[in-house]
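Single-structure report; data block below.
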Amino acid sequence: MDTPVLSSTFFLTLLLMVGLFFFIRGSVKERIEQRVYLTSTSDDQLLEQLRDYFDRRSYQVKAIEPEQNIVRLQGFVPPSPFLAIFLTILAALGLFCFSLVLSLLFPDTNPYIFALVGLSPLAGVFYWQKVGRLEEVAFKVESKSQQTELTVKAHRDELRQLQDSLTFLERQ
């Protein structure tokens, strides 16, 4: 092959590897958001439904701050086996492509360069160790004129699950 073609292919493959690295690293990033919901249900009904919801999700009360009317919950969020396997496969494909380009650039190292693919399980291990952690949810219930306002601060996936489970919540 032509040297400019190989060097440009190597450069593009290197850029893709950097993108893959940041994608794997981004899979463990905390994405905490705060959302405000409005509902026409009473405070007591809403608190009862929130208690039932978070009990089902294995959250336990960590602290109650009566002066601000905030309840803090804590629960363990397990890692996703599917995502760990998916990240491992992505890393294997990326390392295989990188090894293939390196073997074309440096033909002398051909049989040994594909050993880089053996590093791909590290992506799944990295994800598994970083994602399995305690998550905190904080919420506040306030009565407004004819509605109840619920302010929740949690991981965005937890917020999505909450909104799907409690369908009467309207996002403000």
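FYI, the numbering just counts along the sequence from 1. Because the structure is a prediction, the values reported are computed rather than measured.
Salt-bridge check for E33 with R31: failed, with every basic side-chain N at 4.0 Å or more from each acidic carboxylate O.
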Audit row: K140, I70, side-chain contact (heavy atoms from CB on, under 4.5 Å) steps and yes/no: CA-CA 5 Å; K140 179 179 183 179; I70 295 176; 4.2 Å; yes

side-chain contact (heavy atoms from CB on, under 4.5 Å) assessment of L116 paired with L102: CA-CA 11 Å; L116 284 174; L102 284 177; 4.1 Å; yes

Residue pair D164, R160: steps toward the salt bridge (charged side-chain N to carboxylate O under 4.0 Å, His left out) verdict: CA-CA 6 Å; D164 290 345; R160 193 176 306 124; over 6 Å; no

L73 vs K62, side-chain contact (heavy atoms from CB on, under 4.5 Å): CA-CA, chis, key distance, verdict: CA-CA 5 Å; L73 305 168; K62 180 181 175 186; 5.9 Å; no

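No more than 12 heavy atoms of other residues, nucleotides or ligands sit less than 6.0 Å from atom CZ of F86. At most 12 heavy atoms of other shown residues, nucleotides or ligands fall within 6.0 angstrom of atom CZ in F23. More than 12 heavy atoms of other residues, nucleotides or ligands sit less than 6.0 Å from atom CD of Q68. More than 12 heavy-atom neighbours from other residues, nucleotides or ligands sit within 6.0 angstrom of OH on Y53. For R133, the CZ atom is densely surrounded, since the number of other residues' heavy atoms within 6.0 Å is greater than 12. Heavy-atom contacts from other residues, nucleotides or ligands closer than 6.0 Å to CD of Q146 number 12 or fewer.
Taking the six-membered ring where tryptophan is involved, the planes of F54 and F139 are essentially parallel, since the angle between them stays under 30° and well short of 60°.
T39 places no side-chain N or O within donor-acceptor distance of the main-chain N or O of T148, the cut-off being under 3.5 Å. When atom types are taken as modelled, the side chain of S165 and the backbone of L162 share no donor-acceptor pair closer than 3.5 angstrom.
When side chains are defined from C-beta on, V131 does not count as touching L83, because their heavy atoms never get closer than 4.5 Å. When side chains are defined from C-beta on, L87 counts as touching S27, because their heavy atoms get closer than 4.5 Å.
One finds the OG1 atom of T41 at 4.5 Å from the CG atom of L46 (value rounded to the nearest 0.5 Å). Rounding to the nearest 0.5 angstrom, the gap separating the CG atom in L100 from the CZ atom in F114 is 5.0 Å. Distance CZ/R57 to CD/E135: 10.5 Å, rounded to 0.5 Å. Taking OG of S8 as the start and CG of L6 as the end, the distance is 8.0 Å to the nearest 0.5 Å.
With Y59 as reference, E158 is the one residue of R51, R72, E158 to meet the side-chain hydrogen bond (donor to acceptor under 3.5 Å, both in side chains) rule.
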